[in-house]
There are 2 protein chains.
Amino acid sequence: MLNQQELVERMREWAVRVTPQRLAIAEVVLNSTDHPTVQQIYERVKGHFPSMTLATIYSTLGVLQKSGLIQELPFQKQSRYEPNMEPHVNLVCIECENVIDADTDPAVHDVVLGLRKQIADNSDFEVAWQRVDFYGLCPRCSEAKKRGQLSEV
Amino acid sequence: MLNQQELVERMREWAVRVTPQRLAIAEVVLNSTDHPTVQQIYERVKGHFPSMTLATIYSTLGVLQKSGLIQELPFQKQSRYEPNMEPHVNLVCIECENVIDADTDPAVHDVVLGLRKQIADNSDFEVAWQRVDFYGLCPRCSEAKKRGQLSEV
DNA sequence: ATTGGTGCAAATCGTTTGCATTATG
DNA sequence: CATAATGCAAACGATTTGCACCAAT
């Protein structure tokens, strides 16, 4: 999505220092589509930085969030991180807990933007960003559940 | 919203036992509009049940959620509880952390329902419920911030 | 040379769990 | 009466914090 050059430029705007660790973490999150958890980010980065700890990852994610590059998505058990700041819909499977962006029909983007405008016009609330999650069963888990029912108990 | 009689009926459908504690907790959450935290629920209930503990509240909230009467809304620091299961938009102030339902223009309900239909028609994902949060500054905090700027550093 | 970042360990705190006692159906 | 719920205390685990050492500017 964002090449390393652009990334460095974006980082210089806000983070006082650009470190290789931060670059690696930013690259992993910004190029992900599965809304990784801190653990997952850790696993994807530790190949390059075996000494890196979770504290550094948490710290960097905080910086990325403040800079507006990513969004923390708190869930029941732990947070996930969203690199797609465009208005969109997340599909959250309540069975396997995977989170994906809803198939990006451009209309969805516009509908969410429209909702946002509607709020802006009808209240004094200043919207900065939004989170739209649809919870349910992904096709895979839905299937599994149906099959499971037949043999249950 | 729901009187005690109806509440008992709803509870009989799912919870094996209807206890006074559960009734009190359910009543507090279902009649709230401020998306209370567990602590807030605790404070609102302990007048009637001084011996009640957080464990009981967590347990009851779990039952209410499984029954489809409420929805847990995880946030960064702690969860809040949403008694409004109708499609709607929450306005979350990033300053004071208050959460309110967006002014209930009926159009908003329909737009969210429309989004939901759009997802249903274009994927095999089975949506069960949704969460739509808009983050930003409430009028009060927005004002405070503007005033604050003038005297800042 | 300064200042902020990383890595490590300890602390925090919301939430969960185990179990004895109590109350519902 | 049988069984599930409550209350209490301990356990858990994600996230945060403090600090010494190291690196970016």
Side-chain angles (χ1 to χ4, degrees), chain A residues 4 7-29 35-43 45-67 70-81 97 99, chain B residues 4 7-29 35-43 45-67 70-81 97 99:
Chain A
Q4 193 146 324
L7 200 47
V8 172
E9 285 165 15
R10 294 295 298 267
M11 290 180 84
R12 290 206 192 283
E13 294 170 17
W14 34 271
V16 182
R17 295 186 186 179
V18 178
T19 66
Q21 288 93 329
R22 283 184 171 171
L23 278 176
I25 295 167
E27 212 164 35
V28 162
V29 181
H35 309 76
T37 64
V38 167
Q39 280 296 337
Q40 292 174 317
I41 297 165
Y42 177 62
E43 283 152 22
V45 151
K46 75 174 169 204
H48 303 287
F49 297 87
S51 65
M52 190 183 295
T53 62
L54 294 180
T56 297
I57 297 182
Y58 277 110
S59 158
T60 296
L61 291 172
V63 173
L64 293 173
Q65 160 134 275
K66 277 188 216 104
S67 80
I70 67 172
Q71 187 182 337
E72 179 177 358
L73 302 179
F75 283 96
Q76 192 167 66
K77 298 177 185 164
Q78 84 271 68
S79 285
R80 288 175 170 274
Y81 292 85
E97 311 207 299
V99 181
Chain B
Q4 192 146 323
L7 200 48
V8 172
E9 285 165 15
R10 294 295 297 268
M11 289 181 85
R12 289 204 193 285
E13 295 169 17
W14 34 270
V16 182
R17 294 184 186 178
V18 178
T19 67
Q21 288 94 329
R22 283 184 172 170
L23 278 176
I25 295 167
E27 213 165 34
V28 163
V29 181
H35 309 77
T37 64
V38 167
Q39 280 296 337
Q40 292 175 317
I41 296 166
Y42 176 63
E43 282 153 24
V45 151
K46 76 174 167 204
H48 303 288
F49 297 87
S51 65
M52 190 183 295
T53 62
L54 293 179
T56 298
I57 298 182
Y58 277 111
S59 158
T60 297
L61 291 172
V63 173
L64 292 173
Q65 160 135 276
K66 277 188 216 105
S67 80
I70 68 172
Q71 187 182 334
E72 180 179 356
L73 303 178
F75 283 96
Q76 191 168 69
K77 299 178 186 165
Q78 84 272 65
S79 284
R80 288 175 170 274
Y81 293 85
E97 311 207 299
V99 180

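Throughout, a chain's letter reflects where its sequence line sits, starting with A, and its residues are numbered from 1. Fair warning: this is a prediction, and the values are worked out from it, not measured in the lab.
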Spacing between B/E72 atom CD and C/dT15 atom C1', to the nearest angstrom: 9 Å
message: Heavy atoms only, 4.0 Å cut-off, all strands: where does A/P20 land among base, sugar-phosphate and nothing?
response: sugar-phosphate
query: Side chain of B/A55: nearest nucleotide among D/dA9, C/dT15, D/dT6?
result: D/dA9
field: Length of the line joining B/Q76:CD and D/dT15:P, which is rounded to integer Å
entry: 10 Å
query: To the nearest 0.5 Å, what is the distance between CG (A/L61) and NZ (A/K66)?
result: 11.0 Å
- request: Please tell me which of B/R80 and B/V18 maps to the more 5' nucleotide of DNA chain C, matching each residue to the nucleotide holding its nearest heavy atom.
  value: B/R80
field: Partner residues of B/V63 under the side chain to side chain contact (heavy atoms under 4.5 Å, CB included) criterion, sequence neighbours left out
entry: B/W14, B/A15, B/R22
query: Between D/dA23 atom C1' and A/F49 atom CZ, what is the distance in whole Å?
result: 13 Å
query: With a 4.5 Å heavy-atom cut-off, do A/I57 and A/M52 have their side chains touching?
result: yes
- prompt: Quick one: A/L54 CG to D/dG13 P, roughly how many Å, whole number?
  reply: 14 Å
- prompt: Is A/T19 near enough to C/dT6 that one of its side-chain N or O atoms lies under 4.0 angstrom from OP1 or OP2?
  reply: yes
- prompt: Is the shortest side-chain N/O distance from A/Q21 to OP1 or OP2 of D/dA23 below 4.0 Å?
  reply: no
- request: Could you check which of C/dT15, C/dT6, D/dT15 has an atom nearest any side-chain atom of A/S79?
  value: D/dT15
message: Whole angstroms only, please: what is the CD-P distance between A/Q40 and D/dT15?
response: 12 Å
message: Can a donor-acceptor pair be found, under 3.5 Å and without considering hydrogens, that links the side chain of B/Q65 to the backbone of B/E72?
response: yes
query: B/L61 CG to C/dG14 P: how many Å, rounded?
result: 15 Å
- request: Just call it for B/S51: base, sugar-phosphate, or nothing, with non-hydrogen atoms closer than 4.0 Å on any strand.
  value: sugar-phosphate
field: Atom-pair distance (NZ on B/K77; C1' on C/dT15), nearest Å
entry: 17 Å
statement: 5'-most contact on DNA chain D (nearest-nucleotide basis), B/M52 vs A/Q39, goes to B/M52
- prompt: Which nucleotide sits closest to the side chain of B/V38: C/dT15, D/dT15, D/dT6?
  reply: C/dT15
field: Donor-acceptor contact below 3.5 Å, side chain B/T60 vs main chain B/T56
entry: yes
- request: Would you please confirm or rule out a distance under 4.0 Å between OP1 or OP2 of D/dT16 and any side-chain N or O of A/Y58?
  value: no
task: Examine D/dT16: is either OP1 or OP2 under 4.0 Å from a nitrogen or oxygen in the side chain of A/S59? Give yes or no.
output: no
message: Between the base of D/dA5 and the side chain of B/R17, is one N or O donor paired with an acceptor at under 3.5 angstrom?
response: no
- request: Please state how far atom CZ in B/R22 lies from atom P in D/dG7, giving the value in whole angstrom units.
  value: 11 Å
- prompt: When you match B/R12 and A/I25 each to their closest nucleotide on DNA chain C, which lands nearer the 5' end?
  reply: A/I25
Sidechain-backbone polar pair: A/E43 side chain, A/Q40 backbone, donor-acceptor under 3.5 Å: no
